[in-house]
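The analysis underlying the following values was restricted to heavy atoms, covering all of them including side chains, and did not include hydrogens, waters or symmetry mates.
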Amino acid sequence: MKCRILKRQLWMIMASCMGSIVAMAGNSHQPTERDSIIIQKLNNNHRHSVNIYTNTSQKVLFFSAQGDDQSTYKLLLFKQKGVLVKQSKIKNRETTVVSKPEKGRYYYEVFSDDILIESGTIVVH
């Protein structure tokens, strides 16, 4: 009998808490829309490991590369019509932050010592 009463009281407490949580979620007036970044590799070189990725808030791009010890890497980011928008240069095993481009479609190329090792597209929604 005591067990049933305790279960019922616990259920009532949980139900009232859930109602409060739902009410708080329903009163939120903050916009839920946020940008997204889609990165697609078109080709890559197996001797070099290139990573272009974003953080969870999708506010910046990270660029890192790994390969030969003395290699340097250059990221070139182009608008769809071939206009260079951003470029970044790093050494082997380094990571750099590239500010997020405006909404649109982009094409990127990564060079190691003037040799194209990777290319792809980046779409910012």
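Legend: residues meeting side-chain contact (heavy atoms from CB on, under 4.5 Å) with Arg93, ordered by chain and number and at least two apart, are Gln66.
Using a 3.5 Å distance cut-off with no hydrogens or angles, the side chains of Tyr73 and Glu94 do not pair a donor with an acceptor. Donor-acceptor pairing under 3.5 Å is recorded for the side chains of Asn43 and Ser119. Between the side chains of Asp113 and Thr72, at least one donor N or O sits under 3.5 Å from an acceptor N or O.
Across all their heavy atoms, Gly67 and Asn92 have their closest contact at N-OD1, 2.7 Å. Taking each heavy atom of Ile90 and Ala65 in turn, the nearest pair found is CD1-N, 3.6 Å.
A donor-acceptor contact shorter than 3.5 Å is absent between the side chain of Asp68 and the backbone of Ser71. Between the side chain of Asn51 and the main chain of Ser64, no donor-acceptor pair closer than 3.5 Å is present. Between the side chain of Lys41 and the backbone N or O of Val50 there is at least one donor-acceptor pair closer than 3.5 Å.
The shortest side-chain heavy-atom distance between Leu61 and Val97 does not fall under the 4.5 Å cut-off. In this structure, the side chains of Val60 and Thr54 stay at 4.5 Å or more apart for every pair of heavy atoms. For the pair Tyr106/Thr121, no side-chain contact is recorded, criterion being any heavy-atom separation below 4.5 Å from C-beta on. Taking the side chain as every heavy atom from C-beta outward, Ser99 and Lys86 approach each other to under 4.5 Å.
Atom OH in Tyr53 sits 13.5 Å away from atom CD in Gln58 (nearest 0.5 Å). Atom CD of residue Gln70 and atom NZ of residue Lys91 lie 9.0 Å apart, to the nearest 0.5 angstrom. Within the model, atoms CZ of Phe62 and CD1 of Ile52 stand 13.0 Å from one another, a figure rounded to the nearest 0.5 Å.
In Lys89, the NZ atom is not crowded: 12 or fewer heavy atoms of neighbouring residues, nucleotides or ligands sit closer than 6.0 Å.
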> Does the side chain to side chain contact (heavy atoms under 4.5 Å, CB included) test come out yes or no for Leu75 and Val98, once each step is laid out?
Replying inline: CA-CA 10 Å; Leu75 168 71; Val98 180; 4.0 Å; yes

>> Go through it in stages, so that I can follow the logic: the residues are Ile122 and Ile37, the test is side chain to side chain contact (heavy atoms under 4.5 Å, CB included), and I'd like the CA-CA distance, side-chain angles, deciding distance and then a yes or no.
In response: CA-CA 7 Å; Ile122 298 175; Ile37 300 173; 3.8 Å; yes

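Leu84 belongs to a hydrophobic cluster whose other members, connected by ILVMFWY side-chain contacts under 4.5 Å either directly or through intermediates, are Leu42, Leu76, Phe78, Tyr107, Phe111, Leu116.
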